[in-house]
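First up is the structure itself, then whatever we jot down about it.
Within every chain, numbering begins at 1; the chains are lettered A, B, ... in the order of the sequence lines, protein sequences first and strands thereafter. Worth saying up front: this structure is predicted, and the values here are computed from it rather than measured.
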Amino acid sequence: MHKSIKFILNGLFCQILVSQRGFYRSRGGRNRSRNARAWHDTPEMASGSTESTEDRSQFRNRPPRGLRGREIGIHYRNLSLRKRGVDLARSDGSRERGERWPNRRQAEEEQLRKKLTVTLDQRRAERISAMLAETEGQTVAAGFKYHEIGESEFKRRFLQNLEGNLKGRSPPFEPMVQDIELDDSLKLDLKRKQMDFRYIKMKQDRAKLPAADKRAEVVDAVRENQVVVISGETGCGKTTQVPQFILDDAIERGQGSLCRIICTQPRRISAVSIAQRVAEERSEKLGKSVGYQIRLECALPRQQGCILYCTTGILLQFLQSDPNLKLTTHIVIDEIHEQDILSDFILTIVKDLLPRRPDLKVILMSATLNAESFSKYYHNCPMIHIPGFTHPVTVYHLEDVLKFTDFKIEGKANKRPIWTNYTRDGKERKVANMKYEEMMGPFLRHLKSKGYPEHVIQSLSLPESEEMNMELITALIRYICQSQPEGAILVFLPGWDQISKLHKMVTESSFFSKSNFLVLPLHSQMPTINQKEIFLRPPTGVRKIIIATNIAETSITIDDVVYVIDSGKIKMKNYNVEDNLQTLLPEWVSFANAKQRRGRAGRVRPGVCYHLFSQRREMELANYPIPEMLRSRLDEVILQVKILQLGKVKPFLAKVMQPPNPIAVENALQLLNVLNALDEDENLTPLGFHLAQLPMDPQLGKMILMASLFRCLDPVLSIAASLSFKDPFNLPLGCEKKVDKQKFELSRGQKSDHLVLSEAVRLWEQADATGDGGRFCWTNFLSSSILVMIRRMKGQLAEHLMRMKFVDSTDPKDPNLNINSKNYALIKAVVCAGLYPNIAVLTKVRREKKVLRTATERRVALHPKSVNNFPETFESVLFVYHLKLKSAMVYLHDTSMVFPMPLLFFGSSLRQLRQEQTLVTMDQFEFRCSQQTADLIMELRRRLDSLLEYKITHPHTTDWNSNLAEKSLIQAIVELISTEDKTPYCVSDFEDDSD
DNA sequence: GAGCACTGC
C-alpha cells in the first residue's frame, strides 16, 4: 500500500515509465535530500551543530556564515576563550549563541507549521466527493490505461508522437537545386544594375569603405577554406559588404542559384537595419536578394541567390528542422567577440557540424581584439583583418580629469567608526586598502615626475578615488562645457540609481540652465528611450548631455557625440555557482568595454574620452567581459542541447570555447529533473520535449501548458510573455512612488505582481481596441512598445500551443480557453504550478519590512517594486516567485501570495505521512488537515497526475462537453483552489524585533 | 526602498 501510494503520487508530470528503482533514486535520493537539506539544515547549521560549524570556521579562520554585527564579536570572543581553555558555560554565566538559537529556531518552525494548515469545510468536501463519484469508472480518455502499458510500449507511442510533432515544422527554405535559368538572369540583372545610376552612386560610397579593398582576399579565402575569421572594428563595413562579396562572386561565376547566405546578428535592430542598408546598396527593395528574419517579424528574400540577415536565436530555431543546415551554403556569424550565450552555443554546434558538411562555408566576424582566439578554436583557420575607420579620439584618465577640474577627493577612512575595523568587512577593506597602496605607489611617483599637481597625487593615493563620485562627474561636465568646443557629451554610468542622481545634480545646478543644455537620461526602462530627442542635433548654442547605461555602448548609437565620460563601472549579471544564485552587481568594466565606450566619441569628428580610472587601474582591467555562458543559468541551453540531439549535456558543453562550470551544468540538470523535463538519464521527458520547443524558460513554458488545461489562457499568456520578455512598466525619473501606487491599484488586492502584469495587459488591450491605448499607457506608466511586443508574443505562444495540440485556437482570447480567466485564485495557482519550486515563506516582519525564506536562503526580501510591500496582512505565508536576484541584498523581484492548496496539487512529491496523525507532507512543507481532507486531496492529486500524464503524452484538445471525466476533475480542483480559507494573518503575528 | 544589456520558426 505504502509503495503504491508513493508511486502514484510522484511529482507533477512525472515520467511514470521510468523504472521504480530509478524513480526512487532520482526523487528520493538526489533531489529530495538536496531540498530537505536546504530547508531543514540551514537553521541547524547556524544553530544546532555548534561544534562542527565552529570547528570548520576555526579551520578557515572566519566566523560562521549568517552571523551579523555583535554576533561576530561574540563568536571571536568565545573562540579565543576556548583556545585558552575557558569553559564558556561557566566563565561568565552567559549562554553561548549556539545554545540560545535552537529554541528560537524551533519556535519559528513551530509557528510556521501552524500557518501551513489546509482546511476544507464539510459541505464543500461532500460536494467535491459527489462530483468525483459521478464520474467514477470513467477514464480520462478512452482506451488509456496507463499503468498497463509497459515502458517500451510507452516510449514507442511517445516517439511516434514526437516525430509527428516535428513533421509539422516547416524548414526555412526549400531544398536547393541549381537553376540555370536563374543563374543567367541573376548575372544579367547584376550587369544591368551596373548601368543604374543609383547603384553606381551607392557603389562609389561602398568603395570608400575599408572592406572594399579586401574583396578579392575575402572571396578567395572563403572559396579555399571552410572557415575564415574576419576581424575589423565598427565602421569598416564588414557586416554589409562581406555577404555581398560572396553573393556577387557566385552570381558572376554563373552560380548564383547555388548561393544562400545566412548572416546572424546578436540584436534585432541590427538585423533589420543592416538588411535595409544592404538592399539599398543593391538598389533593390527588401525581399529580393536581401531579407531579414527576427522573432515575430520578417521580410524574407527569394529562395536562391540570397542573403538572409537574422538574429542568432532564429538560426538556432532553423537548426531544429534542418540540423545539418543542408539548406544553406554560407553561414556568417557576426559580432562573435561579444560572446553572448547564443553565439557561443552556435559556434560550438557549427564546429561539430563541419565534418558532416564539408561544403558548408563558415565566416566568423569579430572585433580585432580577440579574433585570434576564435581562429584557434577553429583549428587555426585563416584570418583576414579589415582596418576600421574612425576619427581619432584623445584619451584622458582619472589623473588628467583631476588636474583639469582641480577636483580634490576627500578620504572617508578617518570618519569610519573604529569598531568597523574588527568586523569582517572592515578587515577585508583593510586588506583591499593595502593592496591599493601597493598598486598605486610606483604609479604615483611616476605621475609626480611627470609634473602632475600635488592635489592629484593626494587624491589618487586614497582608495576612495576609485568610488563613483557624482560631484567629480558634474565638475568634469562643467569643465567640458566651459572650456571645450561644442559637441554632445555622453556619460556612461552603471545603473538607474546613478543616472537618477547625476540627472538630479545636473538639472538642479544653476550652471546648467535649461536654455543652454539638454540633459537626457538613457536607460532601457526609462520612457525617454523612444524619444527622438536623443538622436536629433540640438539647436546651436544648446549642448546635449546624455546620461546612459551601457545601452549606449552597442544598442543605441548617437552620432553627434564628441565627448565621452566613462565612469569605468558596469553592472553585470553574474551567476554564483556555489549558492546557485544570480547576482547583479557593479564591477570594473573590461578593457574591451572601455575601448568600445571610447569609440563612441569619434563617430562624426575627432573626439575626446575621459575615463574615470587611472592609467594604473586600466592595466588591471580584464581584457574582455566574462562570456555570458559562464555567467548564466543553463537550463534553457540544456533543453536546446537535448532537442537538437547533440548528445550528453556535459561532454557537449565542455566543447564550448570557454566551457561553463560543471557545477552550473549540474544545478541546471537538477532543476530540469525537478521540473520533470529530463529524466535521470538526461533524456527529454514528454513534458521536456514540449518545453524545449517553447521560446521561454521551462518554468514559464510549464505555466502556459497548465493554463491551457485549466482554461485560463489569456491572463497566463500575458504573465508568461512579460516575465520572459520585459516588464512593461516604465521607470520614469522622479515618479517612482506614483508608479508603485498605480501598480497597487492594478493588483486589486490580490497580493500578486503577476496579476498586476495580466491586468495591465488586459486593460491595455481593451483600451487599445478603442484607440485609447496611448492614454492608458501614459496614466499607468506603461511602455506601449513593450505591450505591443507582449501581445504579439501571446499570439505566437498560442500558435505554439495549437501546433502542440494543447489548444484548438490560435486566439489567446478564445472563450473556450478562458472559461476560468476571471478566477484570480486559479490564475495564481497556475502561476504557482509553473514557477514551482520557486517558493518562499514569509517568516517575519521587521519594521514593516517583510523577511522571507527560500529553499536555499535564510533571508530574502521583497523587491521594493513589488506590490506585496503594501499589504499589512496576508492570508497565507507562501509566496511563489520567478526572479530571485542578489543586488544590494537578495531580492524576490516578483511574487504572488499562494495558499497551501495549489502547492499540494502542483508541487512535487506529495505524500501522506503518519496517517494516524493525518498529516500531508510535500517536500519540506508539512500541511495539517483532517483525514477526510487528506484523502480527498490525495485522490484528486492522483487523478490530476494521470490526466496530466496522458495530456502530455497524447496531446489533444478536448471538448469539455463530451469529456465529463476531465471536466469534472478540473472543475473539482478549480473549486478547491479557488475557495480558500481567507482568515488573514496579521503582520503583528510575525513582529519580531530581536536579532 | 530600488530596476546592466540582449534574445526565441
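Taking 4.0 angstrom as the limit, Arg631(A) places none of its side-chain polar atoms (N or O) nearer than this to OP1 or OP2 of dC4(B). Under 4.0 angstrom from either OP1 or OP2 of dA2(B) there lies at least one side-chain N or O belonging to Tyr891(A). Phosphate contact (OP1/OP2 of dG1(B), side-chain N/O of Lys849(A), threshold under 4.0 Å): present. Using a 4.0 Å cut-off, no side-chain N or O of Lys865(A) falls inside it from OP1 or OP2 of dG1(B). Between Ser555(A) and the phosphate of dC6(B), there is a side-chain N or O to OP1/OP2 separation shorter than 4.0 Å.
Base engagement by Met696(A) is indicated by at least one non-hydrogen atom pair under 4.0 Å involving a base atom. When heavy atoms are screened at a 4.0 angstrom cut-off, Arg267(A) is found touching the sugar-phosphate backbone but no base atom. Looking at heavy-atom distances under 4.0 Å, Ile551(A) makes contact with sugar-phosphate atoms alone, never a base. Using a 4.0 Å heavy-atom cutoff across all strands shown, Glu553(A) reaches no nucleic acid atom at all. Using a 4.0 Å heavy-atom criterion, one finds that Thr554(A) contacts no nucleic acid atom at all. Note on Thr549(A): only backbone sugar-phosphate atoms sit closer than 4.0 angstrom, heavy atoms only; bases stay farther off. At the heavy-atom level, Ile294(A) lies under 4.0 Å from the strands shown only through sugar-phosphate atoms. Using a 4.0 Å heavy-atom distance criterion, Lys737(A) is classed as a base contact. Backbone-only engagement by Ile314(A) is indicated by non-hydrogen atom pairs under 4.0 Å involving sugar-phosphate atoms exclusively. Across all strands shown, Glu628(A) has heavy atoms under 4.0 Å from base atoms, whether or not it also approaches the sugar-phosphate. Residue contacts for Asp340(A): at a heavy-atom cut-off of 4.0 Å it reaches no nucleic acid atom on any strand shown. As judged by a 4.0 angstrom heavy-atom cut-off over every strand, His893(A) is placed among residues making no nucleic acid contact.
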Working for side chain to side chain donor-acceptor pair (under 3.5 Å), residues Asp753(A) and Ser866(A): CA-CA 6 Å; Asp753(A) 294 310; Ser866(A) 169; 2.7 Å; yes
Stepwise side chain to side chain donor-acceptor pair (under 3.5 Å) check, Asp727(A) with His893(A): CA-CA 11 Å; Asp727(A) 188 342; His893(A) 281 235; over 6 Å; no
From CA spacing to verdict: side chain to side chain donor-acceptor pair (under 3.5 Å), His611(A), Arg597(A): CA-CA 9 Å; His611(A) 292 297; Arg597(A) 291 178 174 191; over 6 Å; no
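In this model, a side-chain donor or acceptor of Asp740(A) finds a partner on the base of dG1(B) within 3.5 Å. Contact annotation: side chain of Asn869(A) to base of dG1(B), donor-acceptor pair absent below 3.5 Å. A donor and an acceptor atom never sit less than 3.5 Å apart when one is taken from the side chain of Gln796(A) and the other from the base of dG8(B).
Both Pro695(A) and Gly495(A) lie near DNA chain B, and the one whose nearest nucleotide falls closer to the 5' end is Gly495(A). When the nearest nucleotides of DNA chain B are assigned to Thr311(A) and Trp496(A) by heavy-atom distance, the more 5′-ward of the two goes with Trp496(A).
For the pair Met526(A) CE and dC4(B) P, the computed distance is 9 Å after rounding to whole Å. Distance Gln293(A) CD to dG8(B) P: 10 Å, rounded to the nearest Å. Between the CD1 atom of Ile269(A) and the C1' atom of dA5(B) there is a distance of 12 Å, given to the nearest Å. Taking atom CD1 of residue Ile336(A) and atom C1' of nucleotide dC6(B), one finds them 17 Å apart after rounding to whole Å. At whole-Å resolution of the value, CG in Leu522(A) and P in dC4(B) are 13 Å apart. In this structure, His503(A) atom NE2 and dG3(B) atom C1' are separated by 17 Å, rounded to whole Å. The distance between atom NZ of Lys850(A) and atom P of dG1(B), rounded to the nearest whole Å, is 12 Å. In this structure, CZ of Arg792(A) is placed 13 Å from P of dT7(B), rounded to the nearest angstrom.
Looking at Tyr292(A) and Gln276(A), their side chains never bring a donor and an acceptor atom within 3.5 Å of each other.
The side-chain heavy atoms of Asn550(A) and Val589(A), taken from C-beta on, include no pair separated by under 4.5 Å.
Checked for salt-bridge contact, Lys886(A) and Glu857(A) miss the test: no charged N lies under 4.0 Å from a carboxylate O.
Which of dG8(B), dA5(B), dG3(B) sits closest to the side chain of Asn550(A) comes down to dA5(B). You'll find that the side chain of His523(A) is closest to dC4(B), out of dG8(B), dC4(B), dA2(B). Listed nucleotides dA5(B), dG1(B), dC4(B) differ in distance to Ser524(A); the shortest reach to its side chain belongs to dA5(B). Which of dG3(B), dC6(B), dG8(B) sits closest to the side chain of Asp497(A) comes down to dG3(B).
Here the shortest heavy-atom pairing between Tyr309(A) and Thr239(A) reads OH-O, 2.9 Å.
Counting heavy-atom neighbours within 6.0 Å of Ile269(A) CD1, excluding the residue itself, gives a total of 12 or less.
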